[in-house]
**Student:** 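This structure is in structure tokens; I'll ask about it shortly.
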Protein chains: 2
Amino acid sequence: MKRPTLGVSAAERIRNSARELFYSNGIRGVGVDEIVQNAGVTKPSLYRAYESKDGLAAVYLDEFYKTCRTYFEEAEATCPDDPRGQILAYFDGLAERASRPAYRGCGLTNAILEFPDHDHPVRQEAARLKQAMADWIASRVTLLDARAPETLTSGLVLLMEGVFVAGQAFAPPGPGARAGAVARLLLHDV
Amino acid sequence: MKRPTLGVSAAERIRNSARELFYSNGIRGVGVDEIVQNAGVTKPSLYRAYESKDGLAAVYLDEFYKTCRTYFEEAEATCPDDPRGQILAYFDGLAERASRPAYRGCGLTNAILEFPDHDHPVRQEAARLKQAMADWIASRVTLLDARAPETLTSGLVLLMEGVFVAGQAFAPPGPGARAGAVARLLLHDV
DNA sequence: CAGCCTATGTACCGATCGGTAACATCGTCA
DNA sequence: TGACGATGTTACCGATCGGTACATAGGCTG
């Protein structure tokens, strides 16, 4: 019997496997058998470490949100005390990411679209984290002295979500590659 | 045995049932049993009228695209010979639609997100029709004398797709309700 | 009424899915 | 050595899925 646990616990291997597969193929598009096979473990190990497939999906979403937060924090670090520059830095980075060939958008947005039932726990978790992403944009805009902050916030949130899906709907480089220029257009008079 | 075909063929009943259910719950989220039950017919009737569930889904997507085209044509009719007004009319209408409580976005975008496999026939059909939607926006922008037409086209396409998903991700009225104002912001100097 | 054709229903298939039970095996540490 | 915790092995369950073979009902025409 092979024991490929090279210092990496089964739970961690499963989490990594689920992250790759959930992001590439969607949550509903991946079966637990595929997850454990890709992780080099067996099914009972998955259910010893996680409550259910939905529970594992929730862990995946939390992890994905953490990655998104690092993008926000990087943008803040790039332009300290310059909310306009932070917004532009974020959208420049987003445009670059969305131009890569295997781009699959935002795991949270994808999950919301995958689960139309508002009461599904996976969707609720994704929607909660997605709101936090919109809140970051809103917080940057309030630091600006914009004439119409609500319109600007809505525009930037819609732009962000647009890049997430356009990166999948159109062959790269699609419209998402110009997200930075579009953000500058929205911010042109602030 | 009941014969509930009140002048409406089984194929038509199935098409109507599939349209409602596919739009509300997604294509993958609806089983053929649910479709035929909602249509008041039985499963073999579905497979006599349509090649497969995927084939029925393709018909649904074509129908959905026709609806989108009527929105474009209405915008053109509202402001003849005024591409800027046509764009604004379209986004005003989109904002109104996206503010309704049961809004579920664009069936084409939803289908693309539901089928991550680029080779899946349902996704290919959805992507083809989605490109046609982006082409309409591009055609309006070329009629404008914009300084940066590529950026403007990308911005409007991203705005449109953003409304499609934000209408589902955020409780109404979400950012999509301001799509008209955002479009005016993007078009402010043309 | 006989015969036929078309539309429809009944019952089923094989595959896949998420999830579980029971038991075997390994490494570690006292 | 012996006990323990973590993992692997095998086999299975019930539900759901897309899809189909076969029987049946109704209307038309002779």
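Scope of the values below: all heavy atoms of this structure, side chains included, with no hydrogens, waters or symmetry mates. So you know, we letter chains A, B, ... as the sequences are listed, proteins then strands, and number each from 1. Small disclaimer: the values here were computed from a predicted structure and weren't measured.
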**Student:** Is Lys53(B) side chain donor-acceptor paired with the dG19(D) base, going by distance under 3.5 Å alone?
**Tutor:**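 Absent.
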
**Student:** Is the closest basic N to carboxylate O distance between Lys130(B) and Glu161(B) below 4.0 Å?
**Tutor:**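 Result for this pair is yes, salt bridge flagged.
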
**Student:** With Arg97(A) as the cation and Tyr71(A) as the aromatic partner, state whether NZ or CZ is under 6.0 Å from the six-membered ring centre and within 45° of the axis.
**Tutor:** yes

**Student:** Whole Å only: how far is the CG atom of Leu46(A) from the P atom of dA6(D)?
**Tutor:** 16 Å

**Student:** In this structure, how many angstroms lie between the P atom of dG18(C) and the CD atom of Glu51(A), rounded?
**Tutor:** 15 Å

**Student:** Using a 6.0 Å cut-off, check whether atom CD of Glu73(B) has over 12 heavy atoms from anything other than its own residue.
**Tutor:** yes

**Student:** Hey, is the side chain of Tyr47(B) poking within less than 4.0 Å of OP1 or OP2 on dT20(D), counting only N and O atoms?
**Tutor:** no

**Student:** Between the base of dG8(D) and the side chain of Arg48(A), is one N or O donor paired with an acceptor at under 3.5 angstrom?
**Tutor:** yes

**Student:** Judged by modelled atom types alone, do Trp136(B) and Glu76(B) share a side-chain donor-acceptor pair under 3.5 Å?
**Tutor:** yes

**Student:** Among residues 16-35 of chain A, which residues get a heavy atom nearer than 4.0 Å to DNA chain D?
**Tutor:** none

**Student:** Tell me which donor-acceptor pairs under 3.5 Å the side chains of residues 149-156 of chain A have, and how far apart each pair is, sequence neighbours excluded?
**Tutor:**
residue	atom	partner	partner atom	Å
Thr153(A)	OG1	Pro149(A)	O	2.9
Ser154(A)	OG	Glu150(A)	O	3.0
Ser154(A)	OG	Arg178(B)	NE	3.4

**Student:** Checking all strands, does Thr42(A) fall into the base, sugar-phosphate, or nothing category for heavy-atom contacts under 4.0 angstrom?
**Tutor:** base

